[in-house]
Amino acid sequence: MTQPATAAQKEAPTSAAKSAGDKESSRRPGLRWDVRTLSLLGVLAVLVAVGGITAPDEFLATNNLQLVLTQASVIGVVTVGMTFVITSGGIDLSVGAIVALASVWATTVATQEFGFAGILFTAVIVGVGCGLVNGVLIAYGRMVPFIATLAMLASARGLALQITDGSTQIVTVESVLDLGARDAYILGIPPLVLIFAAVTVIGWLLLNRTTFGRRTVAVGGNAEAARLAGIDVRRQRLYLYLLSGLCCGIAAFMLIVLAGSGQNTNGNLYELDAIAAAIIGGTLLSGGRGTVVGSVLGVLVFTTITNIFALNNLETAVQQIAKGAIIVAAVLVQRRSLHGGDT
């Protein structure tokens, strides 16, 4: 009689978990994701309408729309990497500093002697190297992501300042500068926007169509359950911070092309912009759910707001207040979405 009772006890939690999972799935149907995406598209459409009404000649000009997309591209690539990290339940406060360090390291006189390939390789390898340090400290050193990446933020900023000695490093490699020229546009689309689009597509496929993406969501949802299911949680977290560092390296190269220089102030507050864009896009700050498309739309919303405020000569303070209000609203919507009928 003892054995059947034990079997029943073992089966009960499994049935309960399955029932809870089914309930949770029914409370969060796929339609809700479509509604969230459509809502962001609606907000973006409203912003475009506002820009068209308040500054029709400037905002709707082809040059300005190209500028908005180009500016969104750099922070957008960083946000794609951040989306993966947050989905896994982590955080990366060092992305802006890594972009700065990679951009100044890639624009030193010694690096520029190797031409286009030297600048690109250096930017990417510095970003990946910083991501490796973050990943090792967090995954194997068991440091809290907030502390580890905060330390990287301070260290990378300091090293970037030391390399530049506070001065701007001008890029003299013509092939790099030509990439940002209008002659390089393909069917009217800046090359940086095409890079952003490629990173977005790859990121979406990686998160939604691969085992790597499923493991990322599993680790963010319940790290212990993921470990018991056979996932190497520490290695997965290491890979995620490597991915974030890679995105920072790519963004650093894009910023070099855009600005034609490397500065230790590059990437200022990128970490906050990337986190905010991911959150309003639908990625849970607590982990377990993420959306690359939503994050990209979040980036476009923030970039459009910035552009509209600049064209209308409105104060930066008002712009920051508007961004803050959007973030708060997005978090409240997330909480209501999570609790469903419980609220």
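Treat the numbers as computed from the prediction; the structure is a model and nothing was measured.
Applying the side-chain hydrogen bond (donor to acceptor under 3.5 Å, both in side chains) test to T211 and every residue at least two apart in sequence or in another chain returns R214.
Annotation: F114, atom CZ; neighbour count of heavy atoms from other residues, nucleotides and ligands within 6.0 Å does not exceed 12. With a 6.0 Å radius and a threshold of 12 heavy atoms from other residues, nucleotides or ligands, N63 has its CG atom above the threshold.
Side-chain contact check for S88 and T216: no donor-acceptor pair (N or O, by modelled atom type) lies under 3.5 Å. Residues T306 and T303 bring no donor and acceptor atom of their side chains to less than 3.5 Å of each other. The closest side-chain donor-acceptor pair between Q112 and T172 falls under 3.5 angstrom. Using modelled atom types, one finds a donor on one side chain and an acceptor on the other under 3.5 Å when comparing N266 with S103.
Residues L242 and V219 are members of separate hydrophobic clusters, defined by side-chain heavy-atom contacts under 4.5 angstrom among Ile, Leu, Val, Met, Phe, Trp and Tyr. V144 and I275 fall within the same hydrophobic cluster, defined by Ile, Leu, Val, Met, Phe, Trp and Tyr side-chain heavy atoms under 4.5 Å apart, directly or through other members.
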Which side-chain N or O atoms in residues 243-265 pair as donor and acceptor under 3.5 Å with protein atoms at least two apart or in another chain?
| residue | atom | partner | partner atom | Å |
| --- | --- | --- | --- | --- |
| S244 | OG | D92 | OD2 | 3.0 |

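Alongside L101, the hydrophobic cluster contains V104, W105, F121, I125, V126, L159, I163 (criterion: ILVMFWY side chains under 4.5 Å).
Scanning all heavy atoms of the two residues, the minimum distance from G203 to F84 falls at O-CZ, 3.3 Å.
Using modelled atom types, no side-chain atom of Q169 and backbone atom of V109 make a donor-acceptor pair closer than 3.5 Å.
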